[in-house]
Structures are given as structure tokens and as C-alpha cells.
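Single-structure report; data block below.
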Amino acid sequence: MSTILDGKKISEMRLEILKEEIEDSGLYPRLATVIVGSDPASQMYVRMKHRACEGVGIGSVGVELPADTTTQGVLDAVNRLNRDPDINGILVQLPLPKGVDSERVIAAVSPDKDVDGYHPENMGLLFSGKPRFTSCTPTGIMTLLFEYKIPVAGVRAVVVGRSIDVGRPMSALLTNADATVTLCHSKTRNLNEEIRRADILVSAIGKAHFIQPEMVKPGAVVIDVGINQLNGKLVGDVDFAAVKDIASAITPVPGGVGPMTIATLMENTFRAAKERSCDSAL
Ligand code: GUN
């Protein structure tokens, strides 16, 4: 019987602690979200982030731009937030509409307000082993492993998916924690063999039930980042019912990685506020 890695419970516990820390600090951190267009999934994610802010004592401001906003229009909004001394963290909800140059927008966010950890400077710091802000989903996964006392140093970790928001930073965080990391992607040869060697498997490929039990090493820790629809149901990349008896520990979908992402965003925003308050005290 495997341990269910309960991201909902751990995130609630951490948010409770964070709420007290924010109260004790006397600070009033503020997060600004920028959403372009009216994609219902993005709107829902942004609403969840605002709700989480409210729960812990972080102020939140939502900037909503129409779907036909130009790259310059989004850059202007980001620059206004960069200059606003009352805003500590900026999150531009992705994906942006096709016509908007996401890379330019991400690079325009001030690195010290980049609570998403997507700015090239923050990515560079992470990959050079000196992380500042690191992206929320992989950081939340590291926290989950830490809270469940799952050893990372020296183990073989396999990350499936090389996205800029999950796969790549995940591989860097695991490397920084002394795992031996393999980063797999769509061109990986013998993918199933690579996956089966994992002591810690992180799947972030976005294919419903792609990971089947015969692909998992007995006793592996299985982390499922996928959020997919299958027959009208929300499911992960991992066939949870079939894999849970082979894994030593496994995240459910929903209730695993997702809540940890939001808790990490709150933690990053508080950190941005604390660091700003140190700067302004100089
Ligand atoms: N779109 C889906 N998840 C995220 C996230 O964590 N941050 C941003 N900026 N966009 C997202």
C-alpha cells in the first residue's frame, strides 16, 4: 500500500503557518495578476490565486486585458506594476494569446517581483545552483517531498517533459538537491526504459493515464503534474488506480501537486515583500 502524498493537506498546513508569519511581520504583501483574454481555465486559476491571497493576508490586484491586446499593451501593464512600490509580486497568467510575445513579456517582469520564477535571470540563478525565485509547481513538489521526508540526495530522478515552467526547473531543483537527474522529452529514445529506472518519477507531459504500472519501478515515488480531461473527468498523466499499488508514494489528481503550486506562490510573494522591506530599510 503506497503513501498518498496529500498536497491539499500539506498546502493547508503551510498556508496556516504562512498566515501567522505574515501577521507577525507587520507587512502587507501584494500580488498583481495579469490575465489577457477570457480563457475559462486561466480565469479559474487566477480566481484561485486571489482566493488564496485573501486567506493568508496578501492583497491582490487583478489586471484584465482584452484578448486582442498587443505585446506592447501587455508590456505597458507589466511596466506599470514594476514601478508600483505597493506591488511585491507580479504573475502574468500563461498561456498568453497567440499574438503576444510571451518571452518578451516574461523578461519584462522585474526579477525581484517575479514570483513565478520564469524570468531568465531567475532561471539562470536556479541553474547555477543559487536560486532566488523558483517556479511554483516544481518548488511545491520539492516541498511535498521534504514534508514527507522522502530522500532526494543520491536517488535517480526522472522528469518527463522539458517545459520552461515545470520540467526544466524541476530537473534543476532535483539536481541542486543532489539527485541524479534524467530529463526526458518527446525525442527521448527508449522512454519507457528511462521511466522504469526512476526512484522518483515526475510526469509533466499532459497525456491522460500515459504512465502505466509496467513503466514504474516497484517502490518508486510517483509525482503527477498532469491535469487532463478523460471521459469528462479530471485525471493526471499517471493511471493512479493501477500505479498506486506499485509506487511507495504517489500524488493524486486533483489534490496533489496543484494545491502545492498555489501555496508556493503565496510563499514566494511573502518572500518578495520581505526582501523589499529589507531593501527599503537600507
Ligand atoms: N498557467 C498555468 N499555471 C501557471 C502558473 O503557475 N503561472 C502562470 N503565470 N501561468 C500559469
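Computed from a prediction, not measured in an experiment: that's the story for all the values here. Remember, it's 1-based here, ligands and their atoms both numbered in the order they're listed.
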Which heavy atom in Gly57 sits nearest to a heavy atom in Ile22, and how many Å separate them? O-CG2, 3.8 Å
Partner residues of Arg80 under the side-chain hydrogen bond (donor to acceptor under 3.5 Å, both in side chains) criterion, sequence neighbours left out: none
Less than 4.0 angstrom from a charged side-chain N to a carboxylate O is my criterion; do Lys8 and Glu12 meet it? yes
Verdict with reasoning, Gln229 to Leu234, per side-chain contact (heavy atoms from CB on, under 4.5 Å): CA-CA 5 Å; Gln229 291 285 341; Leu234 195 68; 4.2 Å; yes
Which of these passes side chain to side chain contact (heavy atoms under 4.5 Å, CB included) with Thr251: Val202, Val222, Asp6, Asp224? Asp224
Identity and distance of the protein heavy atom lying nearest atom 9 (N) of ligand 1: Asp116 OD2, 2.5 Å
Thr261 N/O under 3.5 Å from ligand 1 N/O: no
Among all protein non-hydrogen atoms, which one is nearest to atom 6 (O) of ligand 1, and what is the separation to 0.1 Å? Tyr118 OH, 3.8 Å
If you count every heavy atom of other residues, nucleotides or ligands that lies below 6.0 Å from Phe240 atom CZ, does the total exceed 12? yes
Under 4.0 Å from any heavy atom of Leu91, which atoms of ligand 1 are there? 9 (N)
Do any N/O atoms on Pro95 end up under 3.5 angstrom from N/O atoms on ligand 1? no
Counting only nitrogen or oxygen atoms and a 3.5 angstrom limit, does Gln93 reach ligand 1? yes
Applying salt bridge (charged side-chain N to carboxylate O under 4.0 Å, His left out) to Arg271 and Glu275, what does each step give before you reach the verdict? CA-CA 6 Å; Arg271 184 166 167 205; Glu275 284 175 11; 3.0 Å; yes
Counting each atom of ligand 1 from 1 as listed, which ones have a heavy atom of Lys49 under 4.0 Å away? 4 (C), 5 (C), 6 (O), 7 (N)
Any idea which part of Asp165 is under 4.0 Å from ligand 1, heavy-atom wise: side chain, backbone, both or neither? neither
What is the closest protein heavy atom to atom 1 (N) of ligand 1, and at what distance does it sit? Leu94 O, 2.8 Å
